[in-house]
Enquirer: 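Supplied in structure tokens, the structure appears directly below.
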Amino acid sequence: MTSMTSNQPYLLRAFYEWIVDNDLTPYIVVDATNELVEVPQEFVKDGQIVLNVSPSACVNFSLDVEGLSFQARFGGQPRLLSMPCEAVMAIYARENGAGTVFATEEDIARAQEQRQQDESDTSQPPSGPTSLEDAEDVTDAPVPPKKGKPTLKVIK
């Protein structure tokens, strides 16, 4: 299988355009611990920063396969912000929360390891009975209803 580029920049652009097209305010959550992220560190909380990336809030907005950059004001001071796409953890609309959370590289690697482990586990025989003859207690199985005319019983 040939290696493909990450789909995150394309999904990020699609969600951004979708949110803006619906006249909502796009916000992104950025991993500020990434060394390539350039954001005002005084606004970073728990290694993350939430940014309003609406057309009215930023100038010179650029989003491509490599990353995104724009100018925004923080405390009245214009700042140039830039980050790689993989540092964007989520994008959502402020008004209703519609958007998506992106998986990190660690999450993807962990999922692949789990999938490989699950595949190796399926080579073992299943535990438990595999047929009615192997089952010890078949008396607990539901009994099909008797055929014939249905009846009702009056209970007082």
Enquirer: Shortest non-hydrogen contact from Val30 to Met89?
Expert: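 Heavy-atom minimum between the residues: C-SD, 4.1 Å.
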Enquirer: Can you give me the closest heavy-atom contact between Gln8 and Val88, atom names plus distance?
Expert: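 Closest pair (atom of Gln8, atom of Val88, distance): NE2-O, 2.7 Å.
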Enquirer: Pairs of donor and acceptor atoms involving the side chains of residues 93-101, under 3.5 Å and at least two apart or interchain, shall be tabulated with distances.
Expert:
from	atom 1	to	atom 2	distance (Å)
Glu95	OE1	Thr25	N	2.9
Glu95	OE2	Thr25	N	3.3
Glu95	OE2	Thr25	OG1	2.7
Asn96	OD1	Ala98	N	2.9

Enquirer: Using the rule that two of Ile, Leu, Val, Met, Phe, Trp, Tyr join whenever any of their side-chain heavy atoms come within less than 4.5 Å, decide whether Phe61 and Ile91 are in one cluster.
Expert: yes
Enquirer: Verify, without hydrogens or angle tests, whether Glu86 (side chain) and Pro9 (backbone) share a donor-acceptor contact under 3.5 angstrom.
Expert: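 No; zero donor-acceptor contacts below 3.5 Å.
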Enquirer: Among residues two or more places apart or on two chains, list those pairs meeting salt bridge (charged side-chain N to carboxylate O under 4.0 Å, His left out) that have a residue in residues 13-22.
Expert: Arg13-Glu17
Enquirer: With side chain to side chain contact (heavy atoms under 4.5 Å, CB included) as the criterion, how do Val59 and Phe70 come out once you've worked through the C-alpha distance, each side chain's angles and the decisive distance to 0.1 Å?
Expert: CA-CA 6 Å; Val59 180; Phe70 55 93; over 6 Å; no
Enquirer: Quick check: closest heavy atoms across Pro78 and Arg73, and the distance to 0.1 Å?
Expert: CD-NH1, 3.6 Å
Enquirer: Quick one: side-chain contact (heavy atoms from CB on, under 4.5 Å) partners of Leu80, sequence neighbours excluded?
Expert: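 With neighbours one apart ignored, the set is Gln71.
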Enquirer: Is any side-chain heavy atom of Tyr16 closer than 4.5 Å to a side-chain heavy atom of Ile28?
Expert: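 When only atoms from C-beta onward are counted, Ile28 and Tyr16 do not touch, as no gap falls below 4.5 Å.
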Enquirer: Report all side-chain donor-acceptor pairs from residues 47-54 shorter than 3.5 Å, counting only partners two or more places apart or in another chain.
Expert:
from	atom 1	to	atom 2	distance (Å)
Asn52	OD1	Ser54	N	2.9
Asn52	OD1	Ser54	OG	3.0
Ser54	OG	Ser56	OG	3.3
Ser54	OG	Ala57	N	3.4

Enquirer: Supply the members, apart from Val65, of the Ile/Leu/Val/Met/Phe/Trp/Tyr cluster built from side-chain contacts under 4.5 Å; use none for a lone residue.
Expert: Tyr10
Enquirer: When hydrophobic residues are tied together by side-chain contacts of less than 4.5 Å, even through go-betweens, does Val37 share a cluster with Val44?
Expert: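 Per the 4.5 Å side-chain linkage, Val37 and Val44 are co-clustered.
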Enquirer: Applying side-chain contact (heavy atoms from CB on, under 4.5 Å), name anything that partners Glu42, two or more places apart in sequence or on another chain.
Expert: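 Pro40, Arg79.
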Enquirer: Which pairs pass ring pair (Phe, Tyr, Trp, His ring centres under 6.0 Å) with one or both residues in residues 19-50, sequence neighbours excluded?
Expert: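 Those involving residues 19-50 are Tyr27-Tyr92, Phe43-Phe74.
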Enquirer: Please, which pairs that meet salt bridge (charged side-chain N to carboxylate O under 4.0 Å, His left out) have at least one residue in residues 54-70, sequence neighbours excluded?
Expert: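 Residue pairs passing salt bridge (charged side-chain N to carboxylate O under 4.0 Å, His left out), neighbours aside: none found.
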Enquirer: Is it the case that one hydrophobic cluster holds both Val29 and Val39, taking links as side-chain heavy atoms less than 4.5 Å apart, direct or via other members?
Expert: no
Enquirer: Indicate the atoms forming the closest heavy-atom contact of Pro84 with Asn34, along with that distance.
Expert: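 Nearest pair, atom of Pro84 first, then Asn34: CG-ND2, 3.9 Å.
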Enquirer: Going from CG on Asn7 to CZ on Phe102, what distance comes out if it is rounded to the nearest 0.5 angstrom?
Expert: 8.5 Å
Enquirer: Hey, are the side chains of Ser69 and Leu81 touching, using non-hydrogen atoms and a 4.5 Å cut-off?
Expert: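 Counting from C-beta outward, Ser69 and Leu81 never come under 4.5 Å.
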Enquirer: Mind checking side-chain contact (heavy atoms from CB on, under 4.5 Å) for Glu35 and listing every partner two or more places apart, or none if nothing turns up?
Expert: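 With sequence neighbours excluded, Glu35 shows a side-chain contact (heavy atoms from CB on, under 4.5 Å) to no residue whatsoever.
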Enquirer: As an exercise, state the distance from OG of Ser62 to CG of Leu68, rounded to the nearest 0.5 Å.
Expert: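 The CG atom of Leu68 is 8.0 Å from OG of Ser62, to the nearest 0.5 Å.
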